[in-house]
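One structure below.
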Amino acid sequence: MDLQPLPQDFFARPATDVAPDLIGMLLVHEHPEGRMVGRVVETEAYTLHDPACHAWSLLDQETGAIRKEGRGAALFGPPGEAYVYLCYGMYWLLNAVTAPEGECGAALVRAVEPLEGVEQMRPRRSAARRTVDLTNGPGKLTQAFDIGEPQHGTMLTERPLFFAKPRKSQDVPLESSPRIGISRATKRKWRWTHAASPFVSR
DNA sequence: AGTATGATTTCCT
DNA sequence: GGAAATCATACTA
């Protein structure tokens with residue numbers, strides 16, 4: 001099965017368009033120990049004018065001036081760049097920088113359905129009793145796929161870590177809902193899931 | 001099945 | 001100092 005990375009154009013759009021479009025796409029990691037593939041079943045969008053976004057604090061609400069330093073500055077990177085962030089001091093979360101060139105935004109990958117390389121994922125996720133628990137959360141899937149700080153800043157449009165269109169892309173039933181684990185802007189329904197998939201987070 | 005808590009690091013209203 | 005885009009475990013009922 002040959003899998004080609006999605007082009008940069010795909011990511012050069014608002015996060016609120018890219019995040020739902022990522023549902024059903026394949027997350028591919030060509031790892032030295034073997035290739036892993038997962039189907040994206042849950043994503044969230046973050047944008048500049050979004051109090052829950054890491055870049056929010058960079059924006060001066062009075063003047064509109066942007067201070068591009070600190071953690072959130074990575075969200076101004078080129079479309080398709082990986083923004084890998086350490087959450088709660090323990091877990092790495094995988095985002096794709098998704099915005100028109102020069103703008104700011106991200107799509108967080110929250111859950112995937114493992115398709116290939118499951119046996120490699122298991123030892124990295126020894127706490128997972130069921131296969132579903134390997135990748136049904138943003139911190140879990142990065143453990144399973146061995147994604148961490150080394151992948152921060154890499155391009156998701158190139159090997160070894162990238163998104164790909166499935167050979168047979170089928171229509172995915174989408175559902176949107178409020179984002180998880182945030183306390184601000186909780187009314188925005190910027191979380192998208194593959195409806196009824198058993199692989200979404202709890 | 002639901003609720004609470006600890007782990008652990010980085011960045012701040 | 002405290003919150004944060006989380007997770008596993010240990011409680012309660």
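Every chain is numbered from 1 and lettered A, B, ... according to where its sequence line falls, protein lines coming before strand lines.
In this structure, the CD atom of A/Glu149 is 13 Å from the P atom of B/dT9, given to the nearest Å. Atom P of nucleotide C/dC7 and atom CH2 of A/Trp92 are separated by 15 Å, given to the nearest angstrom. Distance OH (A/Tyr88) to C1' (B/dG6): 13 Å, rounded to an integer number of Å. In this structure, A/Tyr85 atom OH and C/dC7 atom P are separated by 12 Å, rounded to whole Å. Put simply, CD on A/Glu69 is 18 Å from P on B/dT10, counting in whole angstrom units. Rounding to whole angstrom units, OH of residue A/Tyr46 and C1' of C/dA4 are separated by 11 Å. Separating the CG atom of A/Leu59 from the C1' atom of B/dC12 is a distance of 16 Å, rounded to the nearest angstrom. We find that CD of A/Gln143 is positioned 7 Å from P of C/dA8, with the value rounded to whole Å.
Within the 4.0 angstrom heavy-atom criterion, only backbone atoms of the sugar-phosphate kind lie near A/Arg110; the bases stay farther away. At a threshold of 4.0 angstrom between heavy atoms, the contacts of A/Ser201 with the nucleic acid are absent. Among the atoms of the strands shown, only primed sugar atoms or phosphate atoms (P, OP1, OP2) are found under 4.0 Å from some heavy atom of A/Leu86.
Nucleotides C/dA8 and B/dT10 place their C1' atoms 22 Å apart, quoted to the nearest Å. Separating the P atom of B/dT3 from that of C/dA5 is a span of 22 Å, rounded to the nearest Å.
Of the two residues contacting DNA chain C, namely A/Asp133 and A/Tyr83, the nearest-nucleotide position lying further toward the 5' end is that of A/Tyr83. Residue order along DNA chain B, read from the 5' end via each residue's closest nucleotide, puts A/Tyr91 first among A/Gly70 and A/Tyr91.
For A/His54, a side-chain nitrogen or oxygen approaches OP1 or OP2 of C/dA5 to under 4.0 Å. For B/dC11, neither phosphate oxygen OP1 nor OP2 lies less than 4.0 angstrom from any side-chain nitrogen or oxygen of A/Ser57. Taking only side-chain nitrogens and oxygens, A/Arg125 never comes nearer than 4.0 Å to OP1 or OP2 of C/dC7.
In terms of heavy atoms, A/Val28 sits closest to A/Ala164 at CG2-CB, 4.2 Å.
A/Tyr83 is not listed as a side-chain neighbour of A/Gln151, based on a closest heavy-atom distance of 4.5 Å or more. Looking only at side-chain heavy atoms (C-beta outward), A/Tyr46 and A/Ile182 come within less than 4.5 Å of each other.
In this structure, A/Ile66 is not a member of the same hydrophobic cluster as A/Val97, with clusters built from ILVMFWY side-chain heavy atoms closer than 4.5 Å.
Of the candidates B/dT13, C/dT6, C/dA4, B/dT13 carries the atom nearest the A/Arg67 side chain, counting heavy atoms from C-beta on. The A/Leu93 side chain lies nearest to C/dT6 when the options are C/dT6, C/dA8, C/dA4. Comparing B/dA7, B/dC11, C/dC7 by their nearest atom to the side chain of A/Met90 picks out B/dA7.
In this structure C/dA3 sits in a base pair with B/dT10, meeting the Watson-Crick or G-U test at under 3.5 Å.
The pair A/Arg202-A/Asp133 fails the salt-bridge criterion, with no side-chain N (NZ, NE, NH1 or NH2) lying under 4.0 Å from an Asp/Glu carboxylate O.
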side-chain hydrogen bond (donor to acceptor under 3.5 Å, both in side chains) evaluation trace for A/His152 with A/Tyr85 | CA-CA 8 Å; A/His152 178 63; A/Tyr85 146 72; over 6 Å; no
